[in-house]
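All remarks here apply to the structure that follows.
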Amino acid sequence: MLLGTVLVLLLAGAAPASAHAALRSTDPDDGSVVQRAPRHVTLTFTESVGLLDDSFRVFGPDQRRVHTGEATHADGRSDTARIGLPGKLAKGTYTVAWRVVSADSHPVSGAFSFSVGKRSATTGQIDTGPTEDPLTRGLYDAARYLAYLAAALLVGTAAFALLCRPAHTSPLRRPLVAAWWTLLGSTAVLLLLRAPYEAGTGPAAAFDASALGRTLTGRPGLALLARLLVLLLTAAFLIGLSRRRDTVKRPVALAIGTALATALALTWAAAEHASAGIQVPAAMTSSVVHLLATGVWLGGLVALLLTLRRSSGDDLVEVVPRFSRIAFASVTVLAVTGLYQSWRGLGSLSALSGTSYGRLLLAKLAGVAVLLLVAGYSRRWTARIAAPAVAARAAVPAPVPQPVGAPAGGREAAEGPGTGEPGTSEEAESRGEPESLDGPAGPRAGSVDPGIRRRLRRSVLVEVAVAAVVLMITTVLTGTLPSRAQAEAAQQAPVGALPPTTEITVPFDTGTDSVTGSGKVQVTLDPARVGENGVQAVVYGSDTGLVVIPEVRVTFTLPSRKIGPIDAELADRGGYWSTNSVNLPLAGNWTMKTTVRVSDVDQVSVERRVRVEP
C-alpha cells in the first residue's frame with residue numbers, strides 16, 4: 001500500500017524523455033527576421049518541462065523588458081512553453097531569455113533572438129535575469145549531500161541490526177536517531193530551497209509563500225513530501241520495534257523495513273536522472289536497488305565500526321562474518337547496477353574523458369576501487385575473527401547414540417546429577433559462559449583476539465572515510481548533465497543555437513572602465529572534430545550580464561602543421577555571434593584567437609588552445 005501510494009504520487013504522468021531538457025525548436029526561429037510581429041513566442045523541448053513565474057524575459061530593440069503574459073504550455077503539451085506578446089511590437093531585434101525545469105528536476109536556461117521587420121544594431125547590457133545564485137546552489141548541494149549520507153546511515157544501521165543480529169543494539173540507537181533527524185532536516189531544507197534553486201535567486205526567496213506553493217505541486221516537491229511521509233512511518237516503525245522487540249517476528253520486521261527503505265529510495269529515483277531518459281522503468285528499478293545496496297554496505301560499515309568499538313566481543317565471531325557476506329552481496333549488486341547506470345549516462349566510451357559527467361564518473365570509480373581494496377583488507381581480518389567459530393563447530397563431537405528407552409537428557413541424565421566433570425555445560429551455563437572445548441583451562445570459542453579486532457576496526461574506519469568521499473562525488477554527479485543527454489541535445493538543437501559540446505571561456509580586458517570593457521566570451525565549438533564545425537560566441541560584461549558589442553572575431557591556427565589562420569567569419573545574430581561552416585581539416589591542438597572589439601579604438605585579442613579530434 002505504501003509503495004503504491006509513493007509510486008502514484010511520483011510517477012503519475014511520467015514518460016520516457018531525455019535527461020535534462022534540450023531546446024528542440026523555437027517559434028519564431030532563432031536569428032530569423034519576420035515581417036509581421038508574432039502574437040506568441042513558443043519553445044519546444046525534448047522532454048516535459050516545468051514552468052516558473054519568470055520563465056520568460058523578452059527584451060526589445062531598446063533593451064527594455066517587454067511586458068508579456070503568463071507562461072503556459074502550448075496546446076496542452078508538457079514539452080512546450082509559450083508566452084503572449086503585446087499587440088504592437090517596434091521594428092528591430094528582440095532577445096528572449098528562458099528558464100524552465102527539466103523532468104529530472106534540474107533547471108535549464110538559455111536565450112535566442114528574432115527580429116521584426118529588420119535587425120537592429122544595439123550596444124549595451126541586456127539583463128537576461130539570474131542564472132544561478134552561488135549561495136543557494138551551495139546550500140542546496142550541501143543539503144543533498146547530507147540527505148544521501150543520512151539515508152545510507154539510516155538504511156545501513158537498521159539493516160545491520162535486523163540481518164546481523166548483534167547481541168547488543170544499544171550502540172546503534174544513537175546513529176539511527178541522528179540519521180533520521182539529519183535526513184528529516186535536510187529534506188525540509190531542500191523543500192524550502194527548491195523554489196530559489198529553480199529560479200536562480202537568493203536563499204531569502206525560500207520564504208515566499210507563493211513560490212513554496214508552486215514547489216509543492218511539482219514532481220521534485222512531491223518527491224520531498226513523500227520522503228517526509230516515509231520518514232514519519234519509519235519513525236513509527238522503529239519506535240514500535242524497540243518497544244515490542246521480543247514480540248515482533250524478525251521476518252515481519254524485515255518485510256516492513258524493506259518496504260520503507262524501498263519507498264525512501266524511490267523518492268530519489270523518481271525525481272532525478274533515472275526518471276528521464278531511455279529505459280525509464282529499468283533505470284528506476286536499477287536506481288532504487290543501487291541506493292539500497294549503497295545504504296546496506298556503507299551504512300552497515302558505520303554500524304560495524306560502532307559494534308567493534310563497544311561490543312563485549314563474544315558475539316563478534318557471528319556478527320562480523322554475517323556482515324561480510326551481506327557486504328559482498330551488496331558490492332555485487334552495486335557493480336551490476338552501477339555498470340548499467342554508467343552505460344545509460346555516458347552513451348560512449350569517449351565521453352569518459354570528454355565530458356564533465358564522464359570525468360566525475362572516473363573519479364567515483366577511482367574512489368570505489370580504493371574502497372574495494374580496503375574492503376579486501378578488512379575481509380582478511382574478518383576471516384580470522386570467524387576462524388575460532390569455524391574451528392569450534394568442526395571440533396564438536398558427533399552425538400553418542402543412546403539406547404532405546406534411555407532418558408531424554410542423554411548421558412548426564414542417565415548418570416544422575418552431580419556425576420559430570422567440573423567445567424561441563426551445566427556449570428558453564430550457570431555462569432553465563434559457553435562451554436570450553438579444551439577443558440577448564442582452554443580459551444573460549446567466542447573469544448576474539450584484541451589485536452585482530454583493533455586492526456579490523458582501523459580498516460573499517462578507513463572504509464567509512466573513503467565512502468564519505470564517494471558519496472560526495474555521487475552528489476555532484478547526480479547534478480551534472482549526463483553525457484548521453486548532452487549528445488542528444490547536440491543532435492536536436494535548433495538551427496542557429498549550437499549545443500554546448502566543447503566550451504572555451506575567454507576572459508578579456510580592453511582597459512576601459514565601461515561594462516563592456518572587460519568580461520568574458522563563451523565560445524562553443526561543435527563538434528570539435530575534423531571537418532565542418534559550428535562556432536558560437538556569447539559575450540558577457542564585467543557584471544556577468546549579456547552584452548552586445550561591435551565585433552567578435554575568431555580564428556584558428558594549427559602551428560604544428562603551419563595551417564591558418566582560418567577565420568570563422570562570425571555573423572552577428574543579434575545578441576550573440578555564430579557560424580555553421582568552419583572547416584578544420586586536421587586533428588591536433590589548434591590555437592583559437594578571439595578578438596573582441598568594444599568600440600572603434602578599443603579591442604583586445606586572447607589565445608586559447610583547442611583540441612580537434614579526428
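As the structure is a computational prediction, the values presented were derived from the model and not from experiment. Heads up: numbering here begins at 1 and tracks the sequence.
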Quiz item: Is any side-chain heavy atom of Lys91 less than 4.5 Å from a side-chain heavy atom of Pro61?
Solution: no

Quiz item: Below 4.5 Å, heavy atoms only, C-beta onward: do Thr262 and Val288 meet side chain to side chain?
Solution: yes

Quiz item: Quick one: does Trp180's side chain have a donor or acceptor within less than 3.5 Å of a partner on Leu154's backbone?
Solution: no

Quiz prompt | Salt bridge flag under 4.0 Å for residues Asp79 and Arg77 | solution = yes

Self-check item: Within 45° cone of Trp577 ring axis and under 6.0 Å: Arg553 NZ or CZ
Solution: no

Practice problem: Please work out which of the three classes, parallel, tilted or perpendicular, describes the rings of Phe45 and Trp98, given edges at 30° and 60°. | Solution: perpendicular

Exercise. Please report the closest heavy-atom contact between Val116 and Pro38, naming both atoms and the distance.
Key: CG2-CD, 4.3 Å

Practice problem: Give, for atom CG of Leu570 and atom CD of Glu551, the distance between the pair rounded to the nearest 0.5 Å. | Solution: 9.5 Å

Exercise. Would you indicate whether the side-chain heavy atoms of Val101 and Arg194 approach each other to under 4.5 Å?
Key: yes

Self-check item: Rounded distance (nearest 0.5 Å) linking atom CD1 of Ile566 with atom OG1 of Thr557
Solution: 7.5 Å

Quiz prompt | Side chain proximity check, Leu191 to Leu216, heavy atoms < 4.5 angstrom | solution = yes

Quiz item: Is it the case that more than 12 heavy atoms not belonging to Asn583 sit under 6.0 Å from its CG atom?
Solution: yes

Quiz item: What is the distance from atom NZ of Lys364 to atom CD1 of Ile473, rounded to the nearest 0.5 Å?
Solution: 9.0 Å

Practice problem: Mind checking the CD-CG spacing from Gln536 to Asn580? Nearest 0.5 Å is all I need. | Solution: 9.5 Å

Quiz prompt | Flag if over 12 foreign heavy atoms under 6.0 Å of CZ, Arg64 | solution = no

Exercise. Kindly give the heavy-atom pair with the smallest separation between Thr505 and Pro507, and that separation in Å.
Key: O-CD, 3.5 Å

Quiz item: Backbone N or O of Thr201 within a donor-acceptor pair of the Thr136 side chain at under 3.5 Å?
Solution: yes

Exercise. Answer whether the closest heavy-atom distance between the side chains of His73 and Leu51 falls below 4.5 Å.
Key: yes

Quiz item: Within the side chain of Thr234, is there an N or O that forms a donor-acceptor pair under 3.5 Å with the backbone of Val230?
Solution: yes

Exercise. Supply the atom-to-atom distance Leu193 CG to Arg144 CZ, rounded to the nearest 0.5 angstrom.
Key: 12.0 Å

Exercise. Please name the residue in the list Thr187, Thr215, Leu229 that meets the side-chain contact (heavy atoms from CB on, under 4.5 Å) test with Leu224.
Key: Thr187

Practice problem: Report the relative orientation of the aromatic rings in Phe556 and Trp590; use parallel for angles under 30°, tilted for 30 to 60°, perpendicular for over 60°. | Solution: perpendicular

Exercise. Might you point out which heavy atoms bring Ala206 and Leu192 nearest each other, and give the distance in Å?
Key: CB-O, 3.2 Å

Quiz item: With a 4.5 Å limit on heavy-atom distance, are the side chains of Thr80 and Arg82 in contact?
Solution: no

Exercise. Please name the pair of heavy atoms, one in Ser186 and one in Leu183, separated by the smallest distance, quoted to 0.1 Å.
Key: OG-O, 3.1 Å

Quiz item: Between the side chain of Arg611 and the main-chain N/O of Ala528, is any donor-acceptor distance below 3.5 Å?
Solution: no

Quiz item: Which distance, rounded to the nearest 0.5 Å, do you find between the CZ of Arg529 and the CG of Leu584?
Solution: 13.0 Å

Quiz item: Can you find a heavy atom in the side chain of Leu190 that is under 4.5 Å from one in the side chain of Tyr140?
Solution: yes

Practice problem: Quick one: closest heavy-atom pair of Lys520 and Phe508, and the distance? | Solution: N-CE2, 3.3 Å

Quiz prompt | Ser286 (side chain) donor-acceptor with Ala283 (main chain) under 3.5 angstrom | solution = no

Quiz item: How far apart are the closest heavy atoms of Leu264 and Thr267, and which atoms are they?
Solution: O-OG1, 2.5 Å

Quiz prompt | Any side-chain heavy-atom pair of Phe112 and Val41 under 4.5 Å | solution = yes

Self-check item: Donor on one side chain, acceptor on other, Thr95 and Ser113, under 3.5 Å
Solution: no

